[in-house]
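Take a look at the structure below.
For reference, positions follow the sequence shown, starting with 1. On a predicted model such as this, the values are computed, not experimentally measured, just so you know. All values below come from the heavy atoms of this structure, side chains included, with hydrogens, waters and symmetry mates left out.
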Amino acid sequence: MLANPSQLKTTYDEQGYFVIRNYFNAAEISSLRKVILKFHGSWKDDNDIFYREEAFNSSLITGSQYLAFDDRVKLFNFISSKKIMDVVESVMAADPAFMNTQLFFDPVNPQQKDFWHRDCQYDYDIEDQKKVIHGTQVLHLRVPLFDEPGMELVPGSHKRWDSDEEFNVREEIKGRVSSDNLSSGHKIELAAGDLLVFSADMIHRGRYGLDRLALDILVFDSAGDYADYVDDDCLPDTAMLDKIADPRLFLNTIHLKSKA
């Protein structure tokens with residue numbers, strides 16, 4: 001049971017993020033880590049050049065390509081566990097839906113720098129980005145598997161447009177680059193067992209170092225038009241649904257995709 005769900009909602013609405021320290025115990029993280037390391041090892045073998053030259057994350061962790069049935073079920077049960085659902089529903093009360101998973105790690109290439117962005121900038125032009133940030137939310141729930149430098153976020157930027165400094169850095173104009181420091185940035189170190197929840201649309205960047213390995217669970221508001229973003233292979237099949245204690249998060253997505 002969360003100590004104060006309404007306070008989390010207030011903090012999220014105002015700041016665009018919150019952290020719950022030591023939310024998962026050592027056994028929960030150890031069990032999750034075993035599954036994720038299986039995926040990561042196979043993914044690296046399969047994407048060797050991409051991994052060595054430019055990668056800093058992978059996705060579709062719940063898919064069938066790298067994990068067997070039982071490991072996928074373990075992952076689905078973690079994603080839809082009471083601890084995760086309590087947090088999701090504190091922010092997103094009406095029919096939250098599963099979108100994807102991502103795994104963030106340090107790039108092998110030392111020339112790669114961590115960079116400021118809003119997730120929506122990869123799908124929308126500037127004018128549409130200005131509208132999207134006032135619409136329905138997509139949540140990142142970040143679960144670090146080891147202690148790491150964490151994230152740097154711009155508090156409140158999920159509900160407002162960029163300052164001149166932020167825009168110039170994010171868009172790499174007027175002599176700025178996306179890895180420049182921002183005066184509005186707020187650093188959040190993370191330890192294994194912590195949970196960071198933040199808006200996909202806020203200005204943010206991961207911080208490289210300490211061989212980070214962090215699982216991100218992406219969840220969206222059913223009122224938003226995001227079902228097309230979901231890969232069918234990353235959803236549980238009927239046999240898996242029977243083994244998931246609380247499958248609502250996935251059933252909501254399956255329902256939305258059936259209507260699309």
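- Pairing each heavy atom of Asn77 with each of Ala245, the nearest pair is OD1-N, 2.9 Å.
- A donor-acceptor contact shorter than 3.5 Å links the side chain of Thr10 to the backbone of Ser6.
- With sequence neighbours excluded, no residue satisfies ring-ring contact (aromatic ring centres under 6.0 Å, His included) with Phe18.
- Under the rule for a side chain to side chain contact (heavy atoms under 4.5 Å, CB included), the partners of Glu89 that lie at least two apart in sequence or sit in another chain are Met85, Pro96, Arg248.
- Residue pairs meeting the salt bridge (Lys or Arg N to Asp or Glu O under 4.0 Å) criterion with at least one member in residues 7-36, sequence neighbours excluded: Lys9-Asp13, Arg21-Asp194, Glu28-Lys83.
- A search for side chain to side chain contact (heavy atoms under 4.5 Å, CB included) contacts involving Asp48 returns Arg52, not counting sequence neighbours.
- Distance CG/Asp147 to CG/Leu145: 11.0 Å, rounded to 0.5 Å.
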Exercise. Tell me, with the steps shown, if Gln65 and Asp46 meet side-chain contact (heavy atoms from CB on, under 4.5 Å).
Key: CA-CA 10 Å; Gln65 187 171 5; Asp46 218 19; 3.4 Å; yes

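- Between Arg72 and Leu67 the shortest heavy-atom distance is CD-O, 3.5 Å.
- When all heavy atoms are compared, the tightest approach of Ile79 to Thr62 is CD1-CG2, 3.6 Å.
- For the pair Ser30 (side chain) and Ala26 (backbone), a donor-acceptor distance under 3.5 Å is absent.
- Counting all heavy atoms, side chain and backbone alike, Met151 lies closest to Gly206 at SD-CA, 3.8 Å.
- Two residues are said to be in side-chain contact when any heavy atoms from C-beta on lie closer than 4.5 Å; Leu8 and Val197 fail this criterion.
- Here the CZ atom belonging to Phe115 is positioned 8.0 Å from the NE2 atom belonging to His204, to the nearest 0.5 angstrom.
- Residues that satisfy the side-chain hydrogen bond (donor to acceptor under 3.5 Å, both in side chains) test with Gln102, not counting sequence neighbours, are absent from this structure.
- Aromatic ring centres of Phe198 and His158: separated by at least 6.0 Å.
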Identify each donor-acceptor pair in which a side-chain atom of residues 207-214 lies under 3.5 Å from a protein atom, sequence neighbours left out, and give them as a table.
unit_1 : atom_1 : unit_2 : atom_2 : d
Arg207 : NH1    : Pro149 : O      : 2.8
Arg212 : NE     : Phe105 : O      : 3.3
Arg212 : NE     : Asp106 : OD1    : 3.4
Arg212 : NH2    : Phe105 : O      : 3.0

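- Every side chain to side chain contact (heavy atoms under 4.5 Å, CB included) that His186 has, sequence neighbours left out, goes to Tyr17, Pro155, Ile188.
- At least one side-chain heavy atom of Glu171 sits less than 4.5 Å from a side-chain heavy atom of Ile126.
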Exercise. List the steps and the verdict of side-chain contact (heavy atoms from CB on, under 4.5 Å) for Leu153 and Met202.
Key: CA-CA 7 Å; Leu153 309 168; Met202 77 188 307; 4.0 Å; yes

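- To the nearest 0.5 Å, atoms CG (Leu251) and CG (Leu256) are separated by 11.0 Å.
- The line from CD of Gln111 to CD of Glu53 is 13.0 Å long, rounded to the nearest 0.5 Å.
- In this structure, Val169 belongs to a hydrophobic cluster whose other members, linked by side-chain heavy atoms under 4.5 Å apart, are Trp116, Val154, Leu182, Ile203.
- A distance of 10.0 Å separates NE2 of His40 from CG of Asp45, quoted to the nearest 0.5 Å.
- Here the shortest heavy-atom pairing between Ser42 and Tyr66 reads CB-CD2, 3.5 Å.
- By the side chain to side chain contact (heavy atoms under 4.5 Å, CB included) test, Cys120 is found to be paired with Arg118, Tyr124, Gln129, Val132, Ile133, Asp201, residues two or more places apart in sequence or in another chain being considered.
- The local environment of CG in Asn25 is crowded, with over 12 non-hydrogen atoms from other residues, nucleotides or ligands closer than 6.0 Å.
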Going by atom type alone, with no hydrogens or angles, which donor-acceptor pairs under 3.5 Å involve a side-chain atom of residues 216-231 and a protein atom two or more places apart or on another chain?
unit_1 : atom_1 : unit_2 : atom_2 : d
Asp216 : OD1    : Arg142 : NE     : 2.6
Asp216 : OD2    : His140 : ND1    : 2.7
Asp216 : OD2    : Arg142 : NH2    : 3.2
Asp221 : OD1    : Ala223 : N      : 2.9
Ser222 : OG     : Asp95  : O      : 2.3
Tyr226 : OH     : Thr136 : O      : 3.4
Asp231 : OD1    : Asp233 : N      : 2.8

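- Residue pairs meeting the side-chain hydrogen bond (donor to acceptor under 3.5 Å, both in side chains) criterion with at least one member in residues 250-260, sequence neighbours excluded, are Asp232-Lys257.
- With rounding to the nearest 0.5 angstrom, the CG atom of Leu103 is 11.5 Å from the CG atom of Leu60.
- Ring pair Trp43/Tyr51 is perpendicular by interplanar angle, where above 60° counts as perpendicular and below 30° as parallel.
- When side chains are defined from C-beta on, Ile36 counts as touching Leu75, because their heavy atoms get closer than 4.5 Å.
- Residues Pro247 and Phe76 are not in side-chain contact: their nearest non-hydrogen atoms beyond the backbone lie 4.5 Å or more apart.
- In this structure the side chain of Leu241 reaches within 4.5 angstrom of the side chain of Ile254, judged on heavy atoms.
- Under a cut-off of 6.0 angstrom, the local environment of CD1 in Ile49 is sparse, with at most 12 non-hydrogen atoms contributed by other residues, nucleotides or ligands.
- Every residue was checked against the ring-ring contact (aromatic ring centres under 6.0 Å, His included) condition with Phe50, not counting sequence neighbours, and none meets it.
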Exercise. I would like to know whether Val138 and Asp119 meet side-chain contact (heavy atoms from CB on, under 4.5 Å); could you show each step before the answer?
Key: CA-CA 9 Å; Val138 175; Asp119 285 10; 5.9 Å; no

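- Between Ser157 and Glu166, the side chains place no donor N or O within less than 3.5 Å of an acceptor N or O (distance only, hydrogens not considered).
- Scanning all heavy atoms of the two residues, the minimum distance from Glu172 to Ser178 falls at OE2-N, 2.8 Å.
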